[in-house]
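In what follows, chains carry the letters A, B, and so on, assigned in the order in which the sequence lines appear, proteins first and then strands, with residues in each chain numbered from 1. No experiment lies behind these values; they were computed from the predicted model shown.
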Amino acid sequence: MSSQATASAEPNYFEVTKGFKSWALTLDHKRIGLMYLFGILFSLLLGGAFALLVRTELMMPGETISSADTYNKFFTLHGAVMIFLVIIPGIPAALGNIMLPIQLGAPDVAFPKLNLSSFYLWCTGAACLLLSIVMGSVDTGWTFYTPYSLDESKSGAIIPAVFGVFLLGFSSIFTGLNFLVTVHKFRPQGMGWFQMPLNLWALYATALMQVLATPVLGITVLLLFVEHTLHIGIFDPTLGGDPVLFQHFFWFYSHPAVYIMIVPAMGVVSELMTTFTRKPIFGYRFIAYSSVSLALLSFLVWGHHMFVSGQSPLANMVFSALTFTVGIPSAIKVFNWVGTLYKGDIRLQTPMLYALSFIIMFTIGGLTGLFLAILATDVHLHDTYFVVAHFHYVMMGSALVAFLGALHYWWPKFTGRMYPERLAQVCSIGVFVGFNLTFLPQFVMGSRGMPRRYWDYDPEFTIYHQLSTVGAFILGVSLFVVVCYLMVSFKKGRKAPKNPWGGTTLEWDAPSPPTLYNFPEPPVIHELYDYDDIVEDGDNGWVRKPRPAGAPPKEKH
Amino acid sequence: MKNRLLSVLALVISVAVLAGPASAQTPAAEPPAAAEPAAEPKTPNVLWLEEIEAQPWNTGGNFWLPTPAAEEADPSDFMFYAVLGLSIFFFTGVTIATVYFVIKYRARPGHKAQPSPSHNDTLEITWTVIPTIICVFLFLGGWRGYLAFTAERGGALQIDVTGQKWAWSFTYPNGTVDNNLHVPVGQPVRLRMTSTDVLHSFYVPNFRVKQDLVPRRYTYLQFTPTRPGVYRLYCTEYCGKDHSMMKVRVIVHETGGYERYLATVEERSATLPPVELGKQLYEKKGCAACHSIDGSPRVGPSWKGIWGESAKMADGSTATVDAQYIKTAIEEPNAQKRAEFAGGQMTSYAGLLSEKEIAGLIAYIESLK
Amino acid sequence: MGDSHAHHEGGHGDDHGHGHGSPFIQHHYDDAKHQFDSGKLGIWFFLTQEILFFSALFVAYILYRHHHPEIFAYASHYLDVKWGAINTAVLIVSSLSAAWAVRCAQLGQRRGLIACLVITIVCAFGFLGIKYVEYTHKVHEGILFGRKFDPCVSSGGAQLITKKNECHGTKASQCVPANIDQMPEQPGWQVACKAYEVTYQGAGAARTEVSRAELPVCNMVSTGHGPPRAENPPCWEIQSNPNVCAPDKEGPTVAALVHYGDGRVRGSTFGIDLQCEPAPEPSADGDPHADVSHGPGFGQPLVVPSTTPSAHDLKVQASMGPPPEHTNMFFSIYFAMTGLHGIHVLFGIFVFIWLLIRAIKGHFTPDYFGPIDYAALYWHLVDLIWIFLFPLLYLIH
Amino acid sequence: MADSHASAHHDDHDHGIAHTASVKVLLGTWGALMVLTVITVLATKVDFGPSLNLAIAMAIAAVKATLVILFFMHLFYDKLFHTVLVIGGLCAAALFVGFALMDSGQYQDSIRWDLDRAVQTK
């Protein structure tokens with residue numbers, strides 16, 4: 001086809017320029033996204049290493065490998081690295097950055113310089129966060145609750161850490177802002193809001209939350225920063241400040257942050273479900289609306305993190321009631337995904353395996369969230385392992401698994417290489433088994449009363465902890481293998497065809513890897529999720545059948 | 001190959017379902033009280049402190065929840081089992097549908113995606129409305145249970161609770177201070193709680209109650225114990241190094257036992273020699289978290305051989321460890337810190353210890369020289 | 001939404017800038033309007049983000065003012081309405097010049113644009129200069145945030161004894177300690193305390209941190225009628241106060257009067273480390289202590305009415321007493337809000353200087369003036385925030 | 001598209017890319033802002049009671065803010081979506097304040113820390 005001829009004529013974005021400077025100062029969204037991706041994968045291994053240290057320490061009651069102090073630093077670093085460096089930027093900043101303009105058929109994001117500067121903000125923030133490890137490590141938990149985090153003897157580590165979080169926050173805001181404007185202003189003619197792939201809807205909703213919620217994190221950690229440097233006292237009870245106010249500030253951001261993690265994951269899963277069932281997503285509009293409504297509702301529910309913090313009963317009641325509302329769009333999405341499977345032509349390639357794991361684990365994560373939204377049961381379960389298991393199901397079992405699915409799905413597109421399919425399938429099952437083995441026992445020990453962030457525990461919980469640790473190692477090994485084979489395939493993988501999965505969105509019309517401005521010639525906008533014209537063509541992947549001349553244009557849904 | 005993968009996936013899913021919530025369904029269906037193990041400890045009749053310390057706590061309960069031991073457990077457990085049932089129902093539904101569709105519509109030679117509607121408003125509205133209705137009921141149920149926690153109860157026994165790194169102190173109406181919580185069965189108890197340093201949280205799994213302790217605030221917690229026995233009491237708000245050691249016992253006494261306990265404590269502390277009293281306080285008041293008695297340094301100096309030493313202070317002066325110094329160190333711990341422990345932070349025990357108790361501690365430290 | 005943009009793939013490297021009026025139209029935009037609209041949408045999203053960024057401080061402000069109206073009423077007297085109002089005017093002028101700069105840029109008036117930008121920058125510097133004057137004054141007087149709040153004067157201007165007694169022209173050196181034992185009998189006033197050292201617990205933020213300051217005591221001269229007069233003002237006169245110096249009370253409190261050189265006398269109560277004797281019956285010309293408005297307690301101002309005081313007088317007198325507990329909170333919020341706002345002003349200055357340089361180079365044309373418009377929008381937001389900060393901080397009644 | 005109300009203003013004109021503010025509107029807005037600043041200072045000199053004084057000051061500030069937004073920031077002539085953004089941001093902020101206030105009754109710093117503890121254990 002002519003497009004292939006053009007693709008070979010124009011160099012792809014790896015080849016167009018060379019050298020360190022061409023990467024360090026690049027304005028190309030794909031290169032920036034790729035640099036993010038490597039940073040995030042590195043952080044993932046780092047955060048995973050801390051997780052394994054935590055789990056190893058908990059193998060036995062009492063001291064196993066580390067003292068209580070060191071253990072506290074492990075779980076703090078695990079949380080901070082995983083949340084601020086891996087999951088929040090994971091899908092939007094890395095994969096979103098690469099795929100959003102291509103899915104829009106645009107040459108780049110709206111503000112390429114801002115994009116590069118937000119990458120460097122991320123790097124600086126990450127460096128500050130890592131600097132705090134050298135400076136003695138933070139042991140406050142990733143939540144930095146006052147007044148514990150006001151302890152001056154720990155200022156040396158807390159100051160770089162909160163400063164790092166501040167920078168990471170602004171990196172996230174700028175990425176979000178960029179995406180919002182790109183979606184608004186760079187949709188090509190013929191792509192209305194309801195012709196956008198669901199991934200873009202999800203990224204749009206995510207960006208909305210990033211722009212509206214993250215500034216509050218910025219000011220909160222800034223205040224924590226001045227508490228340490230200037231002793232300003234807004235959160236310090238000895239100076240008349242209110243430590244619970246910190247929790248309000250913190251959760252005003254950090255609850256939407258949970259949705260910043262999960263909503264893009266939902267977008268990715270929607271794409272995977274339709275591509276690998278070879279049929280349009282069931283209930284497109286409901287999914288699109290539920291992404292946006294999740295984004296808006298996420299601002300109304302932060303108080304459910306504070307049911308036992310001394311919050312007023314009135315606030316507890318209101319927040320509990322509002323919390324249930326987020327369950328509804330989530331439930332809609334799950335039902336729609338399952339509905340998409342119906343009468344499909346389901347291909348169990350690696351991305352789809354991750355998508356199916358996502359559905360199951362997100363269902364568990366969502367349903368266990370109900371226990372925590374109900375006042376009477378949350379009082380019992382709050383700050384126990386039940387909560388730990390619940391949010392790992394959502395953040396890791398769902399968000400990170402979707403990230404892996406997306407990574408495998410688009411890997412051939414932006415690297416131009418295939419990963420080893422069989423190994424990847426085995427690993428995805430390893431992730432699923434390891435993950436569930438790690439966290440299912442935690443529900444039980446949580447509801448039986450095992451508090452979280454405990455270095456030592458009662459012997460009755462030993463068996464659960466041991467199961468959990470074994471699961472964590474299965475999970476850790478699987479993830480490590482994933483990162484390894486991806487790195488190898490980056491250089492040595494089989495050359496990828498233009499459309500290896502038969503996707504219908506615009507990125508599959510771009511060459512693999514894409515050229516500097518993504519499309520050598522303007523892409524044609526096709527009906528969204530229309531699989532009729534796409535056929536399998538051996539090693540060339542999937543190709544678009546030319547429409548017979550004079551055929552009537554397809555009706556849009 | 002695809003078939004093999006499918007069967008693996010199906011197996012994994014079904015194992016997950018069986019090992020997880022499904023296997024729990026049986027105990028969940030039983031009345032919670034029936035799942036008690038036979039070895040549940042009896043309430044102590046004689047209430048010597050040492051014996052209480054030695055009592056094992058109740059580890060009974062069913063697969064999901066520990067033995068309920070307060071009135072508050074009823075609404076909480078009811079909601080727990082209700083949501084558990086609901087969750088298992090929905091989870092099973094979603095999983096079975098997923099697995100069934102994956103098997104039935106898997107790609108294989110000759111199989112194609114069949115035409116099916118891209119949306120179905122009736123169906124979608126139905127599965128929007130049903131969860132909404134369920135959520136309304138869940139909220140109302142949870143709220144009712146919560147109201148039961150917070151409603152003021154007449155005739156409550158008020159106990160003051162102070163949390164500090166990393167010990168609890170419970171002050172009974174007669175002024176007795178203990179580090180374990182003793183309550184009578186069947187009487188409402190109202191805790192007035194506060195913290196002297198960072199956030200802590202009071203949690204008794206068997207009572208299903210939890211409340212944070214906030215410095216410079218009073219928070220309140222009520223419960224009515226229904227089952228005599230010994231239960232664990234955790235701190236569940238992360239508070240630093242020994243967070244996981246901030247774990248004591250709640251003793252629910254049978255009728256009359258609580259009064260006997262208070263009388264015994266009073267009598268014993270009246271007759272206890274000061275050194276013994278000091279030793280007990282050392283163990284009870286959380287001193288041991290920071291001060292050893294074997295010479296090894298912890299957060300603070302070891303008490304062994306400290307008596308009569310003259311030590312260098314953080315501000316450069318020198319002070320002799322004598323009765324006056326110890327008293328000051330207890331009441332204003334950071335006024336005169338030893339140079340080598342300048343980084344340690346101790347909270348003041350002023351007002352938490354009586355003069356007699358301070359004298360006991362002084363005598364105990366003197367006895368360790 | 002109707003803003004979906006007709007967009008086609010044009011311009012890949014080689015035809016960079018082709019067909020655009022200005023060399024600053026980036027190649028991934030269709031045309032000048034596309035670039036301008038994208039930038040404008042971006043800056044509006046950024047401003048929305050700014051609203052949320054400041055909102056947390058407003059939450060803190062509202063909550064603490066709700067809890068402690070007395071602190072806010074007292075502490076705002078420390079702020080000079082004059083400077084606040086001037087700064088408001090300065091910012092409004094700069095806002096006008098920024099808006100005008102946009103107009104000039106749109107119409108291609110280069111000189112006008114440069115003039116407007118210069119005015120904006122000058123006003124911004126003026127604003128920061130005035131803030132510098134205000135901040136410097138507060139630093140000198142110890143009117144700071146959090147733990148550093150240790151003011152030398154009350155918000156009404158009365159001198160205070162500070163925890164660390166580090167104020168400039170410290171009062172201690174100006175006073176002559178007197179032996180109170182040798183004081184003559186005074187009609188209507190009873191001097192009954194016998195030491196020179198008091199424990200001051202008024203201004204400090206932390207109740208647990210009690211520091212001692214030497215109390216300079218006045219040499220009192222009997223006038224035969226009415227209260228005695230201080231020989232060497234300004235200085236402190238210790239008064240026993242039957243309301244707060246009861247023998248059965250722990251930590252006795254003592255009333256103290258400050259005599260100023262200009263004849264003003266203001267009262268305060270302080271905790272004191274000494275024995276108090278019960279005061280005699282008040283004399284016929286009225287017991288000044290009966291008017292202790294807030295009951296006994298540390299750090300409460302003692303109102304000494306001369307005649308029947310008006311509500312306004314009482315307020316002024318209240319502001320003469322030591323600050324209420326946790327007045328530091330007001331200044332924590334004050335410095336956080338104005339500091340963050342000041343950082344925004346500073347950032348705005350950098351941006352406008354950059355724009356000025358570009359304007360001088362003639363970069364801006366009626367086709368390409370986006371940066372001026374975006375910077376102006378940002379600058380208006382900074383102005384807007386100040387419009388709220390001014391009444392909220394300076395104009396508390 | 002309800003983007004522009006510019007046609008109603010005889011003196012204002014669109015210059016192709018965006019609306020250009022007229023000198024009259026700029027100076028008028030500026031004058032109104034200055035007058036309102038004077039009024040807000042004067043209003044505090046009169047004692048209407050603390051809450052009314054606060055309300056007056058806030059109302060004036062809100063009017064000033066609206067003037068700045070509508071005319072200096074061109075929102076009056078601008079795209080509707082930008083107005084949506086401003087209002088959305090304000091709503092989010094209002095939500096934040098409102099929910100945080102719901103919890104304000106729990107703050108108790110009137111506790112005399114040291115004294116109270118002594119009382120409590122006596």
**Q.** H66(C) versus chain D, the contacting section by heavy-atom distance below 4.5 Å
**A.** side chain

Q: Identify which part of V68(D) has an atom lying under 4.5 Å from any heavy atom of chain C, answering side chain, backbone, both or neither.
A: side chain

(Q) Are the side chains of F71(D) and Y77(D) in contact, using a 4.5 Å heavy-atom criterion? (A) yes

**Q.** Among L36(D), T29(D), L27(D), residue most engaged with chain C (heavy-atom pairs, under 4.5 Å)
**A.** L27(D)

Q) To the nearest 0.5 Å, what is the distance between CD1 (I333(C)) and CG (L389(C))? A) 11.5 Å

Q) Looking at the rings of F24(C) and Y368(C), which for Trp means the six-membered one, are their centres under 6.0 Å apart? A) yes

Q) Any chance the side chains of W379(C) and S94(C) put a donor and an acceptor closer than 3.5 Å? A) yes

Q) For the ring pair F96(D) and F58(C), is the centre-to-centre distance below 6.0 Å? A) no

Q. Does the ring center of F330(C) lie less than 6.0 Å from the ring center of Y64(C)?
A. no

Q: Taking the six-membered ring for Trp and the full ring for Phe, Tyr or His, determine whether the centres of W30(D) and F72(D) are under 6.0 Å apart.
A: no

Q: Find the one option among A56(C), P69(C), A98(C) whose heavy-atom pairs under 4.5 Å with chain D are most numerous.
A: A56(C)

Q) Hey, which of I92(C), L52(C), D373(C), I62(C) has the most heavy atom pairs under 4.5 Å with chain D? A) I92(C)

Q: Write out, in numerical order, the residues from residues 82-90 of chain C with a heavy atom short of 4.5 Å from a heavy atom in chain D.
A: A85(C), T88(C), A89(C)

Q | Interface moiety of L33(D) toward chain C, non-hydrogen atoms closer than 4.5 Å | A | both

Q: Could you tell me whether the side chains of H19(D) and Q106(C) share a donor-acceptor contact shorter than 3.5 Å?
A: no

Q: Using only heavy-atom distances, determine whether the side chains of H74(D) and D78(D) contain a donor-acceptor pair under 3.5 Å.
A: no

Q: Pick whichever of V81(C), L47(C), D383(C), V93(C) has the most heavy-atom pairs under 4.5 Å with chain D.
A: V93(C)

Q.
Using heavy-atom distances under 4.5 Å, tell me whether I387(C) contacts chain D through its side chain, its backbone, both, or neither.
A. both

Q) Which word best sums up how the rings of Y78(C) and F149(C) line up, parallel for under 30°, tilted for 30 to 60°, or perpendicular for over 60°? A) perpendicular

Q | Contact origin within Y394(C) toward chain D - heavy atom pairs under 4.5 Å | A | neither

Q. Ring centres of H68(C) and Y74(C) under 6.0 Å apart?
A. no

Q. If you count heavy-atom pairs under 4.5 Å between each of A93(D), A57(D), S104(D) and chain C, which one has the most?
A. S104(D)

